[in-house]
Novice: 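Encoded as structure tokens, here's the structure I'll be asking about.
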Amino acid sequence: MMKTTFIGTLLASLLLASSAQATEYIYRDIMANTLAPEHCQVESKAKENASKNYNIDRFSKKFCQSQGYGWHVDAVKSSGNTVCDTCSNPQEAKCRQEDVVVSCKRIKPGTVGMLPGKG
């Protein structure tokens, strides 16, 4: 009885060890600019809104997704510089972030799961 349990455990562990495969990723760094909002704001408020983490994260996701299917944000490497355009009222502005650097990743094809027609 003990010998059968040992052999069964050994076979199960060999089966699991041989099927385990590490996931590999492809990385790509992208530099892009966020878009300014449609409406003008007081310049200090416009700068604050442009450089908010929420705004940078939202655009970073769009930057990576623009690379194609399966691309996701790995990290925001640089939030860039805040640039403002003046509006008709000199105390108001529209601000955006320029030169935001984002590292995007996707799973390298063939490193996860079974490939069609194989196995």
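In this text the structure is predicted, and so the values were computed from the model without any measurement.
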Novice: After noting the C-alpha distance and the side-chain angles of V76 and V101, does the key distance pass the side chain to side chain contact (heavy atoms under 4.5 Å, CB included) rule?
Specialist: CA-CA 6 Å; V76 176; V101 179; over 6 Å; no
Novice: Return the OG to CD distance between S60 and Q65, rounded to the nearest 0.5 Å.
Specialist: 11.0 Å
Novice: Run the side-chain contact (heavy atoms from CB on, under 4.5 Å) test against Q67 and tell me which residues pass, sequence neighbours left out.
Specialist: R28, I30, W71
Novice: Do T23 and I107 come close enough that some side-chain heavy atom pair is under 4.5 Å?
Specialist: yes
Novice: Evaluate the side-chain proximity of V73 to V102: yes if any heavy-atom separation is below 4.5 Å, no if none is.
Specialist: yes
Novice: Name each donor-acceptor pair under 3.5 Å that joins a side chain in residues 79-92 to protein atoms two or more places apart or in another chain, with its distance.
Specialist:
unit_1	atom_1	unit_2	atom_2	d
T82	OG1	Q97	OE1	2.6
D85	OD2	R96	NH1	3.1
N89	OD1	Q91	N	3.1

Novice: Using the side-chain contact (heavy atoms from CB on, under 4.5 Å) criterion, which residues pair with L35? Sequence neighbours excluded.
Specialist: F59
Novice: Does some side-chain heavy atom of C95 sit less than 4.5 Å from a side-chain heavy atom of K47?
Specialist: yes
Novice: Quick one: closest heavy-atom pair of A93 and E43, and the distance?
Specialist: CB-CG, 4.1 Å
Novice: Can you find a pair of side-chain heavy atoms, one from Y27 and one from C104, that are under 4.5 Å apart?
Specialist: no
Novice: Less than 4.5 Å apart, any side-chain heavy atom of I56 and any of V100?
Specialist: yes
Novice: Is the side chain of D74 donor-acceptor paired with the backbone N or O of K105 at a distance under 3.5 Å, no angle test?
Specialist: no
Novice: Specify the closest pair of heavy atoms between Q41 and A46, including all atoms of both residues, with the distance to one decimal.
Specialist: OE1-CA, 3.3 Å
